[in-house]
Amino acid sequence: MIRFDAVTKRYPDGTVAVDSLELTAASGQITVLVGPSGCGKTTSLRMINRMIEPTSGTIWLDDTDTASMATHELRRQIGYVIQHAGLFPHRTIVDNIATVPFLLGTDKKEARKTALELLERVGLPPHFAKRYPAQLSGGQQQRVGVARALAADPPVMLMDEPFSAVDPVVREQLQDEFLRLQQELGKTIVFVTHDIDEAIKLGDQVAVLRVGGHLAQLASPVELLSRPIDAFVAGFVGRDRGYRALGFTTAGTLSTRGEPTVTLGAAIPKGTDTDTWLLVVDAQQAPQGWLDLGADFTGHETVSDELLYRGGTLATQGGTLRAALDACLSSPSGRGVVVDDGGALIGSVTAREVLELIEARETERQP
Amino acid sequence: MTVLADSTSSSPLHFAQYFLDHSSEDLRLLWSHTWLSVVPVVIGLLIALPLGWTARRYRWTYPPIISITGLLYTIPSIALFVMVPPLLGLDTLDPLQVPIALTVYSVALLVRVVADGLASVPEDTVQAATALGFRPVERFFKVELPIAVPVIAAGLRVAVVSNVSIVAVAGTIGLSNLGQLFTQGFQLSTPDAYYPPIVLGIVLCVLLAVVLDLAVVGLNRLLTPWRRAVPS
Amino acid sequence: MTSRILASGAAAAVLALGVTACGSDSSDDTTTGGSSSAGGATIASKFIFGGAAEFKTRGDGLDGLKRNYGVEFGKFRVTDTGGPVTVNALKNGQVDAANVFSTDPAIKANGFVILADPKSNFAAQNVVPIITKSKASDGVKTTLDGISAKLTTAGLSDLVSKVQVDKEDPDAVAKGWLSQNGLSSAGTAAKGVKLTVGSANFPENVVLAEIYAEALKAQGASIKTKLNIGSREKYYPALKSGSLDLFPEYSGTILTYLDKKATASKPDDVYTALQAALPSNLTALNKSDAQDSDTVVVTKATADKFGLKTIADLAKPAE
Amino acid sequence: MIADVVTWLTDSSHWTDTKFDTGIWTQLLAHLKFVGIALAIALLIALPLGLFIGHTRRWGWLVAGANALRALPTVGVLVLLTVIISPHFQGRTDTGFLIPTEIVLVLLAVPPILSNTYAGVQNVEPGIRDAAFGMGMTGPQVLLRVEFPISLPLIFSGVRSATLQLIATATVASYLPLGGLGRFIYDGLAQQDYPQMIGGGVLVAALALLTDLVLATIQRYVVSRGITRRFSSKQAVPDSRIAAVHETDGAHA
């Protein structure tokens with residue numbers, strides 16, 4: 001657990017970067033600090049491992065006042081990941097990962113062995129161990145950065161915009177794997193980002209800071225989306241926050257209806273007058289796309305790949321309301337396809353049905 | 001006689017008095033020293049520009065050009081001074097021997113600077129200039145060279161400052177420049193130390209180096225007005 | 001420090017002067033010749049000798065000392081041509097004997113002892129103006145001859161001392177000497193003559209050139225000076241090609257420079273040989289009695305310790 | 001002319017000492033001694049100072065001050081120091097000439113080493129410094145384990161440049177009555193023995209090249225491949241932009 005107790009950072013020129021911050025980052029959880037630039041989020045983070053010294057106030061690490069520890073001792077107990085990874089260019093990947101164990105005097109062989117395990121854990125092949133940072137892409141470097149922070153198995157990790165320097169596709173990958181890793185490890189993590197979507201996706205709780213170092217709101221992502229405390233937070237969280245909030249509500253068991261299908265490779269069936277859209281599945285009953293029966297099939301006798309409309313997203317039974325609604329809205333037939341965990345077709349729902357469900361939930365919550 | 005004794009004091013601090021007593025001679029030495037320090041750098045730059053451009057344009061020529069010019073730079077100046085007249089068939093008193101030797105050094109130093117300066121021009125800028133329709137020669141003078149000015153200017157500063165020191169070496173083999181103040185002072189230092197000409201020579205050399213250095217800095221600022229437009 | 005390169009040369013009469021001043025005599029003459037063949041370690045073999053690099057190769061250098069006196073030094077150390085490095089090396093004990101010029105005020109100032117050269121190893125070194133023939137009008141000749149007539153070795157030493165010890169300016173010293181010797185009165189003897197006077201880069205030569213220049217100026221000549229030119233191999237070609245017209249020279253050295261096999265050593269012989277050796281466009285005007293010769297000097301302490309009076313004494317067996 | 005120089009260089013009698021002539025081998029050793037002493041002293045001064053200034057970002061004016069030393073005329077300082085120092089050393093010692101020479105050489109070698117070391121440390125990416133401190137390295141650990149190895153290419157470039165200048169400039173020792181390869185140049189000039197003079201120049205240039213080659217080899221083994229980016233072709237290099245840093249300076253004599 002990390003607790004900020006009336007922590008203030010004032011620079012010699014009078015600028016207040018952080019103003020009597022009160023904040024607790026619970027053990028085993030991800031606390032995200034988010035806000036526009038100049039809001040003091042990075043300063044707050046860096047005060048935890050005393051890369052910046054607070055002007056006043058106390059930061060507690062469990063029951064210890066961090067100010068009472070030698071800085072380098074403190075830092076060795078806290079994993080630290082920064083934007084560009086900050087890998088040491090002159091050391092191999094394995095030695096980069098083993099940095100803190102080396103500092104702690106761990107046996108070199110032992111430290112390298114652990115480092116190799118971590119390399120795999122962050123999803124990099126073992127032959128990367130002997131490479132140098134310059135030989136890795138930005139995303140790969142960032143994975144090494146995470147592995148390095150984990151090397152001494154610190155209970156606490158500080159992450160300063162770790163994924164912001166990579167492209168969106170890689171970023172999403174890294175975020176997903178980060179969440180998976182956290183599920184296994186259960187570290188106490190403080191995470192700084194300027195990206196509200198990332199904050200909502202990753203945070204167990206999100207602290208929104210406003211310029212001048214004031215804490216505007218500390219809440220769970222759902223609460224933040226549904227009940228922003230003031231205009232600033234509302235504005236920062238964004239316009240379609242209501243829609244995004246659905247992402248935190250499970251749909252429960254959707255009542256689906258059966259959907260007629262045709263298997264890929266079968267003969268093209270004749271359409272009916274009322275509905276020209278037919279769902280195409282593969283041999284394992286996994287939905288592949290929609291077939292427009294009203295189209296001109298000259299030159300085609302069987303259902304083949306190039307005839308399919310692939311626009312629709314899929315909702316998982318037991319998934320979120322947001323996913324269910326999206327499946328409906330994105331489907332050319334207007335019917336959202338629902339699959340089971342294995343990806344096999346269960347049936348379909350309509351947007352009207354999902355909206356009714358959302359309304360029902362709202363009335364439940366606000367009696 | 002006391003007045004005379006005073007004006008001929010051996011104290012290092014009397015260099016100013018020494019200068020006033022011998023101002024026309026000393027100014028002549030200073031002028032010739034300045035001339036010898038500046039002209040070779042200018043000529044050296046004119047020679048280094050096409051060489052540096054070649055080293056940059058045709059990459060395979062970079063290693064040989066840089067190695068050969070680097071090799072020239074290792075020749076001790078005193079050896080180069082005395083080698084130039086017999087090698088080029090010049091008269092031993094030919095006033096050109098020092099500028100020629102110094103031009104060799106300036107070229108040696110500046111070729112690499114020009115090549116690296118041109119390398120410092122962002123590839124995007126070159127591409128953009130080409131796309132805008134600059135022909136290669138136009139592009140070199142209007143785009144690449146101006147952008148390379150700061151790097152080249154840094155090299156020029158080194159070249160003029162080190163030239164001031166090397167020219168003084170030529171004074172030790174009897175050529176006319178501020179280096180002569182050192183030999184004169186050394187000769188007059190038997191039987192007793194006589195500092196004024198030596199100190200005066202050092203002071204004038206340092207002043208000259210500083211002035212020439214500032215001149216290059218000023219020229220650089222003049223040629224790169226965009227570098228002063230720094231966003232606050 | 002190539003300044004006095006080959007401006008070195010010989011000391012004959014001057015040496016006798018120097019040695020007499022040091023209380024020496026020529027009485028050793030008869031005993032010196034054969035003593036080197038005595039075998040065993042000589043005094044010289046324990047000595048480090050300091051001199052310019054060319055002293056190793058010059059005919060009157062190490063070879064001449066060996067040939068004439070049987071003196072072979074233990075080691076040779078390259079210093080400079082009778083300049084500050086040589087003087088300091090001798091004074092500080094880095095060398096035991098050195099090649100210094102007879103007019104050098106450092107000899108007196110440091111109490112160095114000039115070793116006599118009774119066999120005239122070093123040739124006579126009379127100061128002599130070398131001039132482009134076409135510029136040597138009667139008026140110019142008369143003016144320069146007047147200077148040479150008044151110039152003595154003692155006077156020369158005095159001139160050098162004024163520049164080097166009293167740190168007076170060479171042109172002021174030159175003017176002072178001219179007026180002292182009644183040579184500064186204005187005239188028209190050299191009117192219409194255009195001359196470029198040169199000098200090597202050591203004080204004595206500069207003063208001599210200034211004396212020539214000032215005297216000719218007073219006689220109406222139009223004078224340009226190029227002083228402090230380096231060594232002889234720098235200025236002689238300029239003199240020969242006509243970019244310099246007048247130069248104060250030393251008869252022995254310029255002769256050796258022009259004719260490496262020259263053997264003359266007496267003042268008049270050297271002068272005659274020099275006239276013959278000069279190219280047709282140059283001529284030597286009347287020589288002066290003033291000499292600035294090569295000498296072998298040791299410190300007073302060394303001279304006393306080994307009983308050294310002449311160069312030949314160096315070949316005696318060491319105790 | 002060239003043939004005469006080759007003859008002079010290949011004459012074995014020129015390589016060994018004789019009674020009055022010092023051979024090439026002896027002068028070569030003397031030359032290396034001048035350079036070695038000066039380089040060692042310059043390293044002792046400039047390396048710790050440059051590391052300290054680069055690491056602490058304090059006393060930066062010292063670097064500017066050291067660079068101003070480059071404006072000093074080598075010969076003038078040599079003469080001045082000789083006139084001051086040499087009379088204090090009596091007897092058969094070269095110390096009175098050696099000290100001025102070494103001071104002049106040290107003055108020459110300090111600026112490139114100091115400014116390159118300082119620039120090398122200062123140019124270490126802030127993120128890398130930040131990560132190093134953030135992981136719990138102490139100041140000296142950050143300096144020695146991170147900043148120093150990363151700045152090695154620039155430091156080496158400064159040392160190599162300084163060494164080249166030292167080798168070329170150590171010839172001025174022969175302006176005083178000291179040995180070294182400059183002896184051949186000054187003596188050749190005095191004796192009008194041009195093959196000897198040019199041969200001396202060739203020897204100095206050759207020594208400079210050879211020394212640079214040795215230093216380049218050491219650099220190759222000392223600097224991490226992660227920084228030089230000399231990777232075997234089999235290994236992928238996603239970002240091939242190589243930071244080219246050259247030391248371009250050189251008061252030279």
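Within every chain, numbering begins at 1; the chains are lettered A, B, ... in the order of the sequence lines, protein sequences first and strands thereafter.
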> Does the D/Thr117 side chain pair with the main chain of D/Ile113, one donor and one acceptor, at a distance under 3.5 Å?
Replying inline: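 Answer holds: yes.
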
> Tell me, side chain or backbone of C/Ile48 under 4.5 Å from chain D's heavy atoms, or both, or neither?
Replying inline: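 Interface part for C/Ile48: both.
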
>> Among residues at least two apart in sequence or on other chains, which ones pass ring-ring contact (aromatic ring centres under 6.0 Å, His included) with C/Phe73?
In response: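 ring-ring contact (aromatic ring centres under 6.0 Å, His included) check on C/Phe73 returns C/Phe49.
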
> Which residue out of C/Ala89, C/Gly50, C/Gly74 racks up the most heavy-atom pairs below 4.5 Å with chain D?
Replying inline: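 Among the listed options, the one with the most contacts to chain D is C/Gly74.
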
> When only pairs under 4.5 Å are counted, which of C/Val95, C/Asp96, C/Thr86 shares the most heavy-atom pairs with chain D?
Replying inline: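 Heavy-atom pair counts peak at C/Asp96.
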
> In chain order, what residues pass the side chain to side chain donor-acceptor pair (under 3.5 Å) check against D/Tyr118, with sequence neighbours excluded?
Replying inline: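 Counting only residues at least two positions away or on another chain, D/Tyr118 forms a side chain to side chain donor-acceptor pair (under 3.5 Å) with D/Gln122.
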
> Do the ring centers of C/Phe306 and C/Phe47 come within less than 6.0 Å of each other?
Replying inline: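 Ring centroids of C/Phe306 and C/Phe47 are less than 6.0 Å from each other.
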
